[in-house]
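This chain uses plain numbering: 1 for the first residue, then up along the sequence.
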Amino acid sequence: MLARLVSVACLWHLLASNGAVGEVVTSSQSAPAPLRMVYYVNPNTGSDSPRGDTWIPPVQSPTIPFRTIGAALTSAREFRSARPHSSGVTIRAAAGTYPPLVLGPRDSGAPNGSEVRIEGEPGAVITGGVTLPAGEFQTLLPTDPIASRIPQASHASTRWINISGLVSMESSGASTVSGALSISCSTAGALTLATWPSNGSWADVGTPVGASGFVYPQDAPLPTNPRNLWLTGFFVFDWFDSRIPVTSVVPSNRTLFASTTAATYVNKNGHFNADARFRFLNMPEFMDRSGMFWLDGETGLLYVNFDSAGVSDCTVTAASTALNISGASDISISGFTIESAQDRVVYISSSSRVSLDNCTVQYGLTGVEVSGGMQVTVSSVVARFFGSTAITINGGARDTLAPGLHVVTNCTIHDYGRVQRCYRPGIKILGVENSASNNEIFNAPHQGILVGGNNHRIAYNVFHDLLLDSFDSGAIYKSDRDWTARGLVMDSNFFYNLGSTLPSDRCNPHTSCCRHAIYMDATEHEFTATRNLFIQPPQLQSSVCNFGVFDNGGRNNLVSQNLCVGYPNCVRINDYNLHSTPEFSFQMVRNFGPYHYRSPPYSTRYPSLALLDANVSLPLMGNCSVREPCGAAPWHDEVSKNVIINGTVEVAQDVVPLAAHFNMTENVNVSMSDAGFVSTNPSVDNCWGLRADSQVFKLIPGFQQIRLDLVGPPNFRIAYAARCVTQSRQPVQAVDDKGSL
């Protein structure tokens, strides 16, 4: 920042009435600008001690800093309360560890240069965790009571430490299996709860025994005492995982019984399903690999199987949140590592014009949650290693369609859903008019982005190595079951290597065994999918039920100018609502409740909603209309100008008679050689740009291919530019706020 230092005499004259002394800077521009106070913080050399009978902060400079960010904020509040219109505030935090930080309305800045900026220097960490020093870990001895239960091969690398005074032991079992209790170490990174099988594979449920038991695999190393032993798995559907406690084990016939009363989707037809996928959790017998931990809920002893790098400092989550911003505005947080919380690592609620920029957020149940407020931006953040969802943004009002305008952009998001595996996405977008752009989302068991609400935009993101443990889902998934939830725009996203690690023969027979890039489920309406690139991995290209876009019975949707490679059926228009149950139909109509689709703003924003009143002219479930709940057929979808390498567009048989109500034109099927890719081997180098002389531009005049050089966060774009020959750069045709080309 270009700045000049106000003279010391002037500074004291300016601030003496408040007793808060800091470095005051102004803009070097000739135009008047607000003063900006700069406070320095150093947790190792600073001091927050009071002076005399009144609290007076130390003189501020890089050499005389505060010790905590909270003390600097207190001084800033006092300064700003005396001069509410005169100054912005910058707090510069040196490298070191800081306790959880809470900001509220009194910490708010103001627009136009008077915001509050909290800047972390490299190595600055805000943590909700407690450090477990390497020197306090004890060697596991053969005489230790637990030693006989830990695999012999792991004895030399296993250490223990007592954490009973740091976390609650009362719910330790539930906390560990939910992901709330997270352990990370400087050498081993994020630890994994002791699991069997430990190699990433799944065991199979054996013969059911009664309503709550089954025969477990012969090689499972189960103890006779199942205290704190849990199951996690896909017991009925491969799109929903459950965690349930084991109540008893009978080793003589390898039978276990579990408490299924409070679990969802565990039993079908009154018993466990044979061959369903599951794993055991939370027993010392499972610690056969480095990077695993087990917490003894009775003694409070934490056991860690360290990796080959040796014993190191570790951190255990203790506080519920590391950074909490509530009811504040005009604040920016940048440069920090923020980590280790039992609930949300970062929680921003009812706040406006707040930014979280250039931070690493890691280790906790969830990463960043934005709830309410307006214009919160999460940018250039690395979000990783969460038991559940990485980032949630929820803003705007569905009754008025007032926008939230929250943004997640240029972020790298990975290794989330590590414990709670399904419907815990990389980004969850709820409310009205929020967006996710230029993010890279990868290495997770289920979805990349889960969407609900109206008018969101998802653009220029990269999705890969997702759906790794699940079926019948999509990298982008939306299922509001509400005809008024509309207006999603998905433009210029790159999808590849989805569902690549789990073979289709592991799919539960109660589940659709398909995995899609974009899955608009259960009658989603007025969505737009344009200029996206779908690449299916070679091992899945024989599957006819994986789709680039799966439109499960919606209306007024646009799928255009996408490029599909490896999908025999790139797009499917399905007949979901023609075969939906009466209960589903009543639910759809009931969800109209607070949203009057015949009146503004819905009637003006979505004129097509009025067409629901004409449903009697279409094939429906029985003689009914929207006034008498029933299914509504797909109608007025446009699937046009898509390029499909060795594939086609598929329409469900029951939807074919409605062909007159669809626009299905100019979709072309070409071979790899005729497509004319810049790369001679795009399947290897992942460079999928089309040459300027590609046949595609002749077959579809005006075809707008995805700009791969603009996709993803900066690190992804830099790697693409270094790896790939510059592609043909066709002019980018804008998509307006209604998602229209």
How about [X] and [Y]: does a side-chain donor come under 3.5 Å of a side-chain acceptor?
X      : Y      : value
Ser379 : Asp357 : yes
Asn443 : Asp465 : no
Thr409 : Ser437 : yes
Asp472 : Tyr519 : yes
His414 : Glu440 : no
Glu369 : Ser371 : no

Phe234 and Cys422, any side-chain heavy atoms less than 4.5 Å apart: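 Side-chain contact under 4.5 Å: yes.
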Does some side-chain heavy atom of Gln447 sit less than 4.5 Å from a side-chain heavy atom of Ser470?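 Contact flag for Ser470/Gln447 side chains = no.
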Consider side chain to side chain contact (heavy atoms under 4.5 Å, CB included). Of Asn552, Asn574, Val559, Leu488, which one does Met520 pass it with? Leu488
Is there a side-chain hydrogen bond (donor to acceptor under 3.5 Å, both in side chains) between Ser671 and Ser673 once you walk through the steps? CA-CA 5 Å; Ser671 66; Ser673 58; 3.1 Å; yes
side-chain contact (heavy atoms from CB on, under 4.5 Å) for Val696 and Val668? Distances and angles first, verdict last. CA-CA 8 Å; Val696 167; Val668 301; 5.5 Å; no
Just by distance, do the side chain of [X] and the backbone of [Y] share a donor-acceptor pair under 3.5 Å?
X      : Y      : value
Gln362 : Thr337 : no
Asn667 : Ile644 : no
Asn562 : Phe534 : no
Ser694 : Ala675 : yes
Asn439 : Ile413 : no
His516 : Phe547 : yes
His525 : Arg555 : yes

How many angstroms lie between [atom1] in [X] and [atom2] in [Y], if you round to the nearest 0.5 Å?
X      : Y      : atom1 : atom2 : answer
Leu323 : Glu339 : CG    : CD    : 13.0 Å
Phe550 : Asn569 : CZ    : CG    : 11.0 Å
Met490 : Asn461 : CE    : CG    : 11.5 Å
Ser512 : Asn546 : OG    : CG    : 8.5 Å
Thr317 : Tyr363 : OG1   : OH    : 12.5 Å
Leu231 : Asp241 : CG    : CG    : 12.5 Å

Would Cys185 and Cys314 satisfy disulfide (SG to SG under 2.5 Å), going step by step from the backbone distance to the final call? CA-CA 4 Å; Cys185 300; Cys314 297; 2.0 Å; yes
What residues, two or more places apart in sequence or in another chain, satisfy side-chain hydrogen bond (donor to acceptor under 3.5 Å, both in side chains) together with Arg421?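 Arg421: side-chain hydrogen bond (donor to acceptor under 3.5 Å, both in side chains) contacts with Asp469.
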Can Asp491 and Arg531 be counted as an ion pair, charged N to O under 4.0 angstrom?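 Result for this pair is yes, salt bridge flagged.
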Which class fits the ring pair Phe442 and His464: parallel under 30°, tilted 30 to 60°, perpendicular over 60°?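 Rings of Phe442 and His464: parallel, as their planes differ by under 30°.
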